[in-house]
Amino acid sequence: MGILVIGSFMMDLVVQTPRAPENGETIIGTHFSRFPGGKGANQAVSASRLGGDVIMAGKVGSDEFGEEMIAALNKEQIDTRSILKDETSPTGIGMVTVEADGNNRIIVVPGANMAYGMDDLRTIESQIKAADIVVVQLEMDVHMIERAVTIAADHHVPVILNPAPAQELNDNLLSKVTYLTPNSTEAEILTGIKINSTEDAERAANALLNKGIENVVLTLAEEGALIVNGTGAHPIPGFQVEAVDSVAAGDAFNGALAVGITQGKPLTEVVRFANAVGALTVTKEGAIPSLPNLGEVNNFLNQKLEA
């Protein structure tokens, strides 16, 4: 059936600024933009633009932002029939501050995303069972996410869990995950291991592997990613680019990972491809607008081979 993304929708309200203000300080920003986003929607669009057959499930509000979100996904050839509208909670928003060096700070107000519950999940059980892979994140109710992962695991459907925003998770959930994709901060919270080096990253990834996860793919920003699984540790170098806006880089990576896995490619090859997708994403502003298509990624990789 393809890639099923159970995830969040956020209208990103983005302010560009030379630097983030200190406590109690007001500074003048340089630009304001509004973009459809949310980790789930970003990952779904990333996968679709890279050639994946994508279904999106989740909940928006019955408001202008919700209509805009669904229209944006329809434009990307994503199946939106499992996106529900909540009559009481608004569509989620993300307040994004982007500094001149490309770093960002984000405050999320989940809204309708947190209203997607167990009853809603039951309406897509058949889609979970039929999916080639299920992709989930943590901008929704974690108990619902755990149930979704359990349904997938019970039917031997692989699961990508992007454990963001960072939070502690129980071992029962983690033991059912096929691919866990934390960044350094998320891995530290999940393991208690401070990551200051590649050796630290490997220790943290092995600690996660010991919880029953099949594959840990720890993302390390411009340094690339580290795969740790039953065959050992495999560092996959990243790509050096000029960063404009790091919003959605991790989501782009996860969408690319889902596409490559469903195509049956070796995980090391898939992660190199996903590193390229993440690198291209940081060279553009915004969430969904920054996500590259397959042609852009192939051109980028070909240039790197020729260099």
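What you see is a predicted model, and the numbers here were worked out from it, not measured in a lab.
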Item to check | Salt-bridge contact D12-R34 (side-chain N to carboxylate O under 4.0 Å) | outcome: no
Item to check | Carboxylate-amine/guanidinium proximity below 4.0 Å for E99 and R19 | outcome: no
Checklist entry - Shortest non-hydrogen contact from P110 to M114? => result CB-CG, 3.4 Å
Checklist entry - By side chain to side chain contact (heavy atoms under 4.5 Å, CB included), which residues pair with D119, not counting sequence neighbours? => result R122
Checklist entry - So, do N215 and L180 sit near enough that their side-chain heavy atoms are less than 4.5 Å apart? => result no
Next on the checklist: Would D132 and T262 count as a side-chain hydrogen bond (donor to acceptor under 3.5 Å, both in side chains) here? Give the steps.
Outcome noted: CA-CA 6 Å; D132 294 324; T262 58; 5.9 Å; no
Next on the checklist: I'd like to know if R49 pairs up with E296 as an ion pair, taking the criterion as any Lys NZ or Arg NE/NH1/NH2 lying under 4.0 Å from an Asp or Glu carboxylate oxygen.
Outcome noted: no
Item to check | Closest contact, heavy atoms only, A131 versus L4 | outcome: CB-CB, 4.0 Å
Item to check | I133 with M56, same ILVMFWY side-chain cluster at under 4.5 Å | outcome: yes
Next on the checklist: I'd like to check I160 versus V136 (side-chain heavy atoms, cut-off strictly below 4.5 Å). Are they in contact?
Outcome noted: no
Checklist entry - After noting the C-alpha distance and the side-chain angles of I83 and L73, does the key distance pass the side-chain contact (heavy atoms from CB on, under 4.5 Å) rule? => result CA-CA 10 Å; I83 298 174; L73 267 61; 4.0 Å; yes
Checklist outcome for this item: Taken to the nearest 0.5 Å, the spacing of D171 CG from K211 NZ works out to 4.0 Å
Checklist entry - Is the backbone N or O of R203 less than 3.5 Å from a side-chain atom of N206, with the two atoms forming a donor-acceptor pair by type? => result no
Next on the checklist: Looking only at the aromatic ring of each residue, does the gap between the centers of F239 and F300 stay below 6.0 angstrom?
Outcome noted: yes
Checklist entry - Between the side chain of S175 and the main-chain N/O of G212, is any donor-acceptor distance below 3.5 Å? => result no
Item to check | Spacing of E125 atom CD and L121 atom CG [to the nearest 0.5 Å] | outcome: 6.0 Å
Item to check | K39 and Q43, any side-chain heavy atoms less than 4.5 Å apart | outcome: yes
Item to check | K284 atom NZ: more than 12 heavy-atom contacts under 6.0 Å | outcome: yes
Checklist entry - Just checking, is any N or O donor in the side chain of S197 or D200 under 3.5 Å from an acceptor N or O on the other one? => result yes
Checklist entry - Rounded to the nearest 0.5 Å, how far does OG1 of T123 lie from CE of M118? => result 13.0 Å
Checklist outcome for this item: Here the pair of heavy atoms bringing A152 nearest to V134 is CB-CG2, 4.3 Å
Checklist entry - To the nearest 0.5 Å, what is the distance between CD1 (I288) and CZ (F35)? => result 10.5 Å
Next on the checklist: If you compare all heavy atoms of T17 against all heavy atoms of T30, which two are closest, and at what distance to 0.1 Å?
Outcome noted: N-OG1, 4.0 Å
Next on the checklist: Donor-acceptor pair, distance only, cut-off 3.5 Å: does the side chain of N113 make one with the backbone of F9?
Outcome noted: yes
Checklist entry - Does a side-chain heavy-atom distance below 4.5 Å link L84 with Y116? => result yes
Next on the checklist: Would K176 and E146 count as a salt bridge (Lys or Arg N to Asp or Glu O under 4.0 Å) here? Give the steps.
Outcome noted: CA-CA 9 Å; K176 298 170 183 174; E146 184 170 357; 5.3 Å; no
Checklist entry - Is the number of heavy atoms from other residues, nucleotides or ligands within 6.0 Å of CD (E64) greater than 12? => result no
Next on the checklist: I need the I106 CD1 to S246 OG distance, nearest 0.5 Å.
Outcome noted: 7.5 Å
Checklist entry - Counting heavy atoms not belonging to H234, are there more than 12 under 6.0 Å from its NE2? => result yes
Checklist entry - Are any side-chain N or O atoms of T191 and backbone N or O atoms of I193, one a donor and one an acceptor, separated by less than 3.5 Å? => result yes
Next on the checklist: Looking at I27, I'd like to know if its CD1 atom is crowded, meaning that more than 12 non-hydrogen atoms belonging to other residues, nucleotides or ligands lie closer than 6.0 Å.
Outcome noted: yes
Next on the checklist: Count I, L, V, M, F, W, Y as connected when their side-chain heavy atoms are under 4.5 Å apart, and connections chain through other members. Are M140 and I55 then in the same cluster?
Outcome noted: yes
Checklist entry - How far apart are the C-alpha atoms of I6 and V135, what are their side-chain angles, what is the distance that settles it, and do they pass the side-chain contact (heavy atoms from CB on, under 4.5 Å) test? => result CA-CA 6 Å; I6 305 171; V135 182; over 6 Å; no
Checklist entry - Is E242 atom CD crowded by more than 12 heavy atoms from other residues, nucleotides or ligands, each under 6.0 Å away? => result no
Next on the checklist: How close do Q240 and E222 get, counting heavy atoms only, and between which atoms?
Outcome noted: NE2-O, 3.6 Å
Checklist entry - Is the backbone of L280 close enough, under 3.5 Å, to the side chain of T283 for a donor and an acceptor to pair up by distance? => result yes
Next on the checklist: Less than 3.5 Å apart, any donor N or O on the side chain of D251 or Q137 sitting next to an acceptor on the other?
Outcome noted: no
Checklist entry - So, D101 and N103: side-chain donor and acceptor under 3.5 Å apart, yes or no? => result yes
Checklist entry - Should L218 and I195 count as side-chain neighbours, where that means a heavy-atom distance under 4.5 Å? => result yes
Checklist entry - Are the side chains of T91 and M69 in touch, meaning some heavy atoms are under 4.5 Å apart? => result yes
Checklist entry - side-chain contact (heavy atoms from CB on, under 4.5 Å) between V259 and I3: does it pass, once the steps are laid out? => result CA-CA 8 Å; V259 172; I3 299 165; 3.9 Å; yes
Checklist entry - Side-chain contact, heavy-atom cut-off 4.5 Å: D79 with V54? => result no
Checklist entry - What's the verdict on side-chain contact (heavy atoms from CB on, under 4.5 Å) for L267 and V271, showing C-alpha distance, side-chain angles and the deciding distance? => result CA-CA 6 Å; L267 188 56; V271 171; 4.1 Å; yes
Next on the checklist: If we count only N and O atoms by modelled type, under 3.5 Å, do the side chains of S62 and E87 hold a donor and an acceptor together?
Outcome noted: yes
Next on the checklist: Go through it in stages, so that I can follow the logic: the residues are E285 and S290, the test is side-chain hydrogen bond (donor to acceptor under 3.5 Å, both in side chains), and I'd like the CA-CA distance, side-chain angles, deciding distance and then a yes or no.
Outcome noted: CA-CA 6 Å; E285 182 186 359; S290 72; over 6 Å; no
Checklist entry - Does a donor on one side chain and an acceptor on the other come within less than 3.5 Å for S82 and Q127? => result yes
Checklist entry - With a 3.5 Å cut-off and no angle check, do the side chains of E214 and N229 form a donor-acceptor pair? => result no
Checklist entry - Is it true that a side-chain atom of Q77 and a backbone atom of K75 form a donor plus acceptor pair closer than 3.5 Å? => result yes
Next on the checklist: Show the nearest heavy-atom pair for residues L169 and P163, with the distance to one decimal.
Outcome noted: CD1-CB, 4.2 Å
Next on the checklist: I'd like to know if the side chain of T181 pairs up with that of N254 as donor and acceptor (distance under 3.5 Å, no hydrogens or angles considered).
Outcome noted: yes
Next on the checklist: Can you tell me how far apart CD (Q263) and CG (L50) are? Round to the nearest 0.5 Å.
Outcome noted: 9.0 Å
Checklist entry - Just by distance, with hydrogens left out, do T219 and N183 show a side-chain donor and acceptor under 3.5 Å apart? => result no
Checklist entry - Do V96 and V15 have side chains that get closer than 4.5 Å, going by heavy atoms? => result no
